[in-house]
S.K.: 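First, the structure itself, so that you have it in front of you.
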Amino acid sequence: MSQETGSTSNAPSVLFVCSKNGGKSQLAAGLMSQLAGGTVRVYSAGTTPGSSLNPQAVESLAELGIDIGGEHPKPVTDEVLDTVDAVIVLGTEAKLEPRDGTRYEVWKTDEPSERGIEGMERMHLVRDDIRARVQKLYAELTAK
């Protein structure tokens, strides 16, 4: 859980999940970490973690000054599920049971490849869709 940020135990916490934890959940975690600046504890994980990060996801965040190069795909654990305030599943591949008392959302993110858009153009569209959702979630998590 190396993407965990902040040290205040009363800070809201969020787990971003996708299937491989190499792309969308890493994008969301990186974007939230930058936006929150330590005011939200951020985790990311995969239901079936892959072996590496998506290089285009890493590059698209680097363009925004966010370095996730030290990250690696991680599995979803009960330990994290038991401690977070919100679980956000990105896309429809990953399946996770909601837990009582924990905010649970599935974000059906933009998938430009369905429109024939590939490469970095695709990744920019995916990143920007997730970025808008992360900004809204951040506002909700930190509302007083």
S.K.: Nearest 0.5 Å, what's the CE-CG distance between M120 and L125?
M.R.: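 Reported value, rounded in 0.5 Å steps: 10.5 Å.
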S.K.: To the nearest 0.5 Å, what is the distance between CD (Q56) and CD (E121)?
M.R.: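 Between atom CD of Q56 and atom CD of E121 there are 11.5 Å.
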S.K.: side-chain contact (heavy atoms from CB on, under 4.5 Å) between T109 and I130: does it pass, once the steps are laid out?
M.R.: CA-CA 7 Å; T109 53; I130 293 171; 3.9 Å; yes
S.K.: What is the minimum heavy-atom distance between S25 and A45, and which atoms define it?
M.R.: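 Result for this residue pair: OG-O, 3.7 Å.
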S.K.: Minimum heavy-atom separation for S51 and P73, please, with both atom names.
M.R.: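 Shortest heavy-atom separation between S51 and P73 comes out as C-CG, 4.1 Å.
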S.K.: Nearest heavy-atom pair of L90 and A28: which atoms, and what distance?
M.R.: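 It is CD2-CB, 4.0 Å.
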S.K.: Using atom types as modelled and distance alone, determine if a side-chain donor or acceptor of K20 lies under 3.5 Å from a backbone N or O of C18.
M.R.: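 No: the side chain of K20 does not pair with the backbone of C18.
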S.K.: Under 6.0 Å from the CD atom of E118, do we count more than 12 heavy atoms belonging to anything else shown?
M.R.: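 Count over threshold, so yes.
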S.K.: Give me the atom names and distance for the closest heavy-atom approach of A11 to T39.
M.R.: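 The pair with the smallest heavy-atom distance is CB-O, 3.5 Å.
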S.K.: Shortest non-hydrogen contact from L53 to E71?
M.R.: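 For L53 and E71, the tightest heavy-atom pair comes out as CD1-O, 3.6 Å.
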S.K.: Under 3.5 Å, is there a donor-acceptor pair between the side chain of E105 and the main chain of L137?
M.R.: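 No, E105 side chain to L137 backbone: no donor-acceptor pair under 3.5 Å.
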S.K.: Given D78 and R99, is the side-chain contact (heavy atoms from CB on, under 4.5 Å) satisfied, shown in steps?
M.R.: CA-CA 11 Å; D78 284 334; R99 291 198 170 205; 2.6 Å; yes
S.K.: What's the separation between atom CG in L31 and atom CZ in F16, rounded to the nearest 0.5 Å?
M.R.: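 That separation rounds to 8.5 Å.
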S.K.: I'd like to know if the side chain of S19 and the backbone of T47 have a donor-acceptor N/O pair within less than 3.5 Å.
M.R.: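 Absent.
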S.K.: Supply the atom-to-atom distance T102 OG1 to D85 CG, rounded to the nearest 0.5 angstrom.
M.R.: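 Reported value, rounded in 0.5 Å steps: 7.5 Å.
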S.K.: Hey, mind stepping through M123 and L27 against side-chain contact (heavy atoms from CB on, under 4.5 Å) and telling me if it holds?
M.R.: CA-CA 10 Å; M123 189 55 63; L27 285 169; 3.9 Å; yes
S.K.: Looking at D110 and R115, is there a salt bridge between them, counting it only when a charged N and a carboxylate O are closer than 4.0 Å?
M.R.: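 D110 and R115: salt-bridged.
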S.K.: Can you tell me how far OG of S60 sits from CG of D128, rounded to the nearest 0.5 angstrom?
M.R.: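 Atom-to-atom, D128:CG and S60:OG are 8.5 Å apart.
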S.K.: Using side chain to side chain contact (heavy atoms under 4.5 Å, CB included) as the criterion, point out the one residue from L61, L35, L64 that pairs with R131.
M.R.: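 Option passing the side chain to side chain contact (heavy atoms under 4.5 Å, CB included) with R131: L64.
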S.K.: When you measure from the side chain of Y104 to the backbone N and O of L96, does any donor-acceptor pair fall under 3.5 Å?
M.R.: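 Looks like yes, one N/O pair under 3.5 Å.
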S.K.: Should K108 and E111 count as an ion pair when the cut-off is N to O under 4.0 Å?
M.R.: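 No, K108 and E111 are not salt-bridged.
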S.K.: Applying side-chain contact (heavy atoms from CB on, under 4.5 Å) to Y138 and M32, what does each step give before you reach the verdict?
M.R.: CA-CA 7 Å; Y138 173 72; M32 179 63 84; 3.8 Å; yes
S.K.: Measuring from atom CZ of R127 to atom CD of E63, what distance do you get when rounded to the nearest 0.5 angstrom?
M.R.: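 Reported to 0.5 Å precision, the distance equals 5.5 Å.
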S.K.: Donor-acceptor pair, K24 side chain versus N21 backbone, under 3.5 Å?
M.R.: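 Checked: no pair found.
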S.K.: Are V126 and I117 joined in one hydrophobic group, where the rule is that I, L, V, M, F, W and Y side chains link up if heavy atoms are under 4.5 Å apart?
M.R.: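 No: no chain of side-chain contacts under 4.5 Å links V126 to I117.
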S.K.: For Q135, enumerate each residue passing the side chain to side chain donor-acceptor pair (under 3.5 Å) test, keeping only those at least two apart in sequence or located in another chain.
M.R.: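 Residues passing side chain to side chain donor-acceptor pair (under 3.5 Å) with Q135: none at all.
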